[in-house]
Amino acid sequence: MPFDLARFRERLLDWFAASARDLPWRRDYAPYRVLVSEVMLQQTQMERVVPYFERFLARFPDFDRLAAAGEDELLSAWEGLGYYARARNLQKTARAVVAAGGRLPEEAGALRELPGVGPYTAAAVAAIAFNRDEAVLDANVERVLSRVLDVDEPVKAPAVRRQLAAEAARLLPPGRARDFNQAMMELGALVCTARSPRCANCPLREDCEALHLGIVNERPVPGKRVTFTPLVVASGVVVRAGRVFIQRRLPQGVWAGLWEFPGGRVEPGESPAAAVVREIGEETELAVAAPEHLALIRHGYTTYRVELHCFLCAVVPESPPPVLHAAQEYRWARLSELDGLAFPAGHRKLIDRMRQDIRLCELMEG
DNA sequence: TAAGCGTGGCA
DNA sequence: TTGCCAAGCTT
């Protein structure tokens, strides 16, 4: 059966009307809420975003409140979501919107000028908040179209992406951009999934070329696969007079502006205990001794797989005061202070372990 | 154009 | 356990 555009649109929109998940930003499609949700959803799955979205909106209910937020308050609300530049850019956008009178532009071209708003987010906000006729192209749409149209080249290749963007625009029913785009992404998330797609329940099963050919599992064609680099890291919980040393990371690079415990990479042939003493000296000029193993935490970030060795360290009595070489600010903090500050996920896990360590808690009292 | 930028879930 | 994956943007 030939591809029928009207049928494709009708079945997709009917399916979405019946199957759309109840999400907080789908209540009224208020532009601020749509923008926050779309930025949170960059490279992040729906289920993970929803609780962050609720907390974020409670703290920062509008552009004005977000524009006025402090750095720790902002990053703390984002802690655990990753890609923290998103939070900073979202605040920059809020400030630009406030400066421009308080309203978000409605056209994709103007939205695209805002910090942290790329081609996807500009089209998504224009379509979902303002129902402008823009077609989004995200990983879900790429996957759906690569199957429906049987695309036999890697979908991440720029030329293929341009082609898929044009196809998405062709499929878009004029005047229905809000529902159409969400329907394509929702279908990708719930039915046309990367693994174990539910083709028997798919509203587009009659329109799907890859399904007809029996090669759904060969679509989309993957691109170059990323290699993960194992990394051994040692970090120190440096305690003095009931307080722990923490430092704020530099404004550029990974975990920019977040707080952390000092430490760094364990060199080949070096023990984690020796590395933590060396790294703390290099980063802070603090002299510490007798590192005592606290925890071993495994986590990953971007393309690294990290084995994080954590030690409790004492400052030697004749140690000089801290001088920072890998951070912009430091603090001797009480355990209870750490909750209002943003830490990388691995260090947050360490804080959780610290709270379970009775002897450490006794050391931190008072 | 390619690499940097997080994180947790899942098979 | 390990590899793969997710509603991308910036430089």
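Quantities reported herein were computed from a predicted structural model and do not represent experimental measurements. In what follows, chains carry the letters A, B, and so on, assigned in the order in which the sequence lines appear, proteins first and then strands, with residues in each chain numbered from 1.
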Review point. Quick one: A/Q252 CD to C/dT10 C1', roughly how many Å, whole number?
Key: 11 Å
Review point. C/dG8 phosphate, OP1 or OP2: any side-chain N/O from A/Q42 under 4.0 angstrom?
Key: no
Revision key, fill the gap. Here the distance between atom C1' of C/dC5 and atom CD of A/E142, to the nearest Å, is 13 Å
**Study point:** Rounded distance in Å - CG (A/N89) to C1' (C/dG8)
**Key:** 12 Å
Point to revise | Under-4.0 Å salt bridge between A/R147 and A/D207 | key: no
Review point. Heavy atoms under 4.0 Å, any strand shown: does A/R26 hit a base, just sugar-phosphate, or nothing?
Key: base
Point to revise | Donor-acceptor pair (no angle test) under 3.5 Å: A/T44 side chain, B/dG6 base | key: yes
Exercise for review: Under 4.0 Å between any heavy atoms, over every strand shown, what does A/M46 touch: base, sugar-phosphate, or nothing? Just pick one.
Suggested key: base
Review point. Mind checking whether A/F245 and A/Y330 have parallel, tilted or perpendicular rings, split at 30° and 60°?
Key: parallel
Check your understanding: Do the rings of A/H347 and A/F261 sit parallel, tilted or perpendicular, given the 30° and 60° boundaries?
Key -> parallel
Exercise for review: Name the orientation class of the two ring planes belonging to A/F311 and A/H309 (parallel below 30°, tilted from 30 to 60°, perpendicular beyond 60°).
Suggested key: parallel
**Study point:** Separation of B/dG6 P from A/R88 CZ (nearest whole Å)
**Key:** 10 Å
Point to revise | 5' priority, DNA chain C, between A/E38 and A/R195 [closest heavy atom] | key: A/R195
Check your understanding: Among C/dC9, B/dA3, C/dG8, which is the nearest nucleotide to the side chain of A/K224?
Key -> B/dA3
Practice item. Mind checking A/E186 for me? I need base, sugar-phosphate or nothing, with any heavy atom below 4.0 Å counting as a touch. Key: base
Study note, to complete from the structure: Which of C/dG8, C/dA6, B/dG8 is nearest the side chain of A/Y120? It is C/dG8
Review point. So which one's nearest nucleotide on DNA chain B is more toward 5', A/P158 or A/G253?
Key: A/P158
Exercise for review: For A/A194, answer base if it contacts any base atom (sugar-phosphate contacts may also be present), sugar-phosphate if it contacts only those atoms, and nothing otherwise; contact means non-hydrogen atoms under 4.0 Å.
Suggested key: sugar-phosphate
Review point. Does A/Y83 make a side-chain N or O approach to OP1 or OP2 of C/dA6 shorter than 4.0 Å?
Key: no
Review point. Hey, does A/A345 reach any base, or is it just sugar-phosphate, or nothing, if we go heavy atoms under 4.0 Å?
Key: sugar-phosphate
**Study point:** Electrostatic pair A/E10-A/R7, nearest N-O below 4.0 angstrom
**Key:** no
Study note, to complete from the structure: A/E307 CD to C/dT2 P, in whole Å, measures 10 Å
Exercise for review: Flag the pair A/F56 / A/F53 as yes when their ring centroid distance falls below 6.0 Å, and as no otherwise.
Suggested key: no
Exercise for review: Taking atom P in both C/dT11 and B/dG6, compute the distance separating them and give it to the nearest angstrom.
Suggested key: 14 Å
**Study point:** Proximity of A/Y83 and A/W78 rings by center, below 6.0 Å
**Key:** no
Practice item. Considering just the side-chain nitrogens and oxygens of A/T121, establish if one lies under 4.0 Å of OP1 or OP2 belonging to C/dC9. Key: yes
Review point. What is the nucleic acid contact for A/G116, judged by heavy atoms within less than 4.0 Å: base, sugar-phosphate only, or nothing?
Key: sugar-phosphate
Check your understanding: Over how many whole Å does the gap from A/L81 atom CG to B/dG9 atom P extend?
Key -> 13 Å
Revision key, fill the gap. Atom CD of A/Q43 and atom C1' of C/dC4 are separated, to the nearest Å, by 13 Å
Check your understanding: Within the modelled atom types, does a donor on one side and an acceptor on the other bring the side chain of A/R305 and the base of C/dG3 under 3.5 Å apart?
Key -> yes
Check your understanding: Taking OP1 and OP2 of C/dA6, is either one under 4.0 Å from a side-chain nitrogen or oxygen of A/R143?
Key -> yes
Point to revise | Sugar-phosphate, base or nothing in reach of A/P222, heavy atoms under 4.0 Å | key: nothing
Check your understanding: Can you check the A/W259 CH2 to B/dG6 C1' distance for me, whole Å?
Key -> 21 Å
Review point. When we call it a touch if two heavy atoms are under 4.0 Å apart, what does A/V141 touch: a base, just sugar-phosphate, or nothing?
Key: nothing
Review point. OP1 or OP2 of B/dT7 sitting under 4.0 Å from any side-chain N/O of A/W255?
Key: yes
Practice item. From the options C/dC4, B/dG6, C/dA6, select the nucleotide whose nearest atom is closest to the side chain of A/Q45. Key: C/dA6
